[in-house]
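Side-chain atoms are counted along with the backbone in the values below, which use heavy atoms only and exclude waters and symmetry mates.
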Amino acid sequence: MLLHRLGYTPQLQVQIVDARGACGRVDFELPAIGTVVEFDGKVKYGRYVPEGKSAADVLWEEKRREDRIRGTGRQVVRLTWTDLDRPELVDRMIRDAADRARSGE
């Protein structure tokens, strides 16, 4: 809802693909500005860590996934619950990411 209020038109649960295949599904894609938005909570690094893996393994896999997403030319913005209380911060984060995407960083 916040993304819509800020004037964005997100696509939800988009599968991102690179030359090696599927990178993974992102929470929101803003294709017009080359940016994806991921909503994170600590829980995926805690009690929802898959059996046989550590929180460090999950974090490493997430970093590699994000590197691949960036390799497609998109920028990634990560939001948490507390960010939602500051719409101006969220908007700034998205605008900064869009600027990086446009400049090819």
Side-chain angles (χ1 to χ4, degrees):
M1 224 157 98
L2 176 59
L3 294 175
H4 283 287
R5 279 198 323 236
L6 292 172
Y8 299 105
T9 306
Q11 294 179 359
L12 297 112
Q13 297 297 309
V14 174
Q15 182 75 22
I16 304 295
V17 178
D18 67 4
R20 293 184 285 167
C23 300
R25 189 172 308 280
V26 297
D27 295 329
F28 307 99
E29 182 175 22
L30 305 172
I33 59 172
T35 300
V36 301
V37 178
E38 294 279 67
F39 190 79
D40 286 334
K42 282 184 172 180
V43 71
K44 82 180 193 184
Y45 306 108
R47 69 174 175 246
Y48 290 132
V49 170
E51 190 171 328
K53 292 192 177 192
S54 68
D57 294 332
V58 173
L59 188 61
W60 178 252
E61 289 170 6
E62 186 66 18
K63 183 214 176 302
R64 300 284 293 165
R65 174 182 169 272
E66 190 169 310
D67 286 346
R68 286 182 65 192
I69 292 168
R70 284 198 176 100
T72 69
R74 295 168 175 89
Q75 290 294 310
V76 179
V77 172
R78 293 193 166 275
L79 301 177
T80 64
W81 284 108
T82 57
D83 295 326
L84 301 183
D85 293 331
R86 300 188 52 207
E88 70 287 346
L89 171 65
V90 171
D91 194 36
R92 179 79 272 153
M93 291 168 68
I94 292 171
R95 288 175 188 271
D96 288 349
D99 288 346
R100 289 191 306 275
R102 268 192 298 279
S103 70
E105 289 180 29

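Partners of Val17 under the side chain to side chain contact (heavy atoms under 4.5 Å, CB included) rule, at least two apart in sequence or in another chain, are Gln15. Remark: Gln13 pairs with Arg25, Asp27 by the side chain to side chain contact (heavy atoms under 4.5 Å, CB included) rule, at least two apart or across chains.
A heavy-atom distance below 4.5 Å is found between the side chains of Thr72 and Ile16. Using a 4.5 Å heavy-atom cutoff, the side chains of Leu12 and Phe28 are in contact.
Ile94 and Leu89 fall within a single hydrophobic cluster, where Ile, Leu, Val, Met, Phe, Trp and Tyr side chains are chained together by heavy-atom contacts under 4.5 Å. At a threshold of 4.5 Å between side-chain heavy atoms, the hydrophobic network of Ile, Leu, Val, Met, Phe, Trp and Tyr places Leu3 and Met93 in one connected group.
Between Pro87 and Leu2, the closest heavy-atom pair is CB-CD1, 3.7 Å. Across all non-hydrogen atoms, the minimal contact from Ala101 to Gly73 is CB-O, 4.0 Å. The two atoms that bring Cys23 and Arg68 nearest to each other are SG-CB, 3.7 Å, heavy atoms only.
Separation of atoms NE2 (His4) and OG1 (Thr9) is listed at 6.5 Å; rounding is to 0.5 Å. Here CG of Leu30 is found 12.5 Å from CD of Gln75. Values are rounded to the nearest 0.5 Å. Rounding to the nearest 0.5 angstrom, the gap separating the CG atom in Asp18 from the CZ atom in Arg74 is 9.5 Å. The CG atom of Asp91 lies 5.0 Å from the CG atom of Leu6; values are rounded to the nearest 0.5 Å. Annotation: the span from Asp67 atom CG to Ile69 atom CD1 amounts to 9.5 Å, rounded to 0.5 Å. The distance from the OH atom of Tyr8 to the CD1 atom of Ile33 is 5.0 Å, given to the nearest 0.5 Å.
A salt bridge does not link Asp96 with Arg100: none of the charged nitrogens is closer than 4.0 Å to a carboxylate oxygen. The existence of a salt bridge linking Arg64 and Glu61 is excluded, since no basic side-chain nitrogen approaches an acidic carboxylate oxygen closer than 4.0 Å. One finds a salt bridge joining Glu66 and Arg70 here, because a Lys/Arg side-chain nitrogen approaches an Asp/Glu carboxylate oxygen to under 4.0 Å.
Through direct or relayed side-chain contacts under 4.5 Å between Ile, Leu, Val, Met, Phe, Trp and Tyr, Trp60 connects to no other residue.
Enclosure of atom CZ in Arg92 by more than 12 non-hydrogen atoms of other residues, nucleotides or ligands within 6.0 angstrom is indicated.
Side-chain polar atoms of Asp83 and Thr80 form a donor-acceptor pair below 3.5 angstrom.
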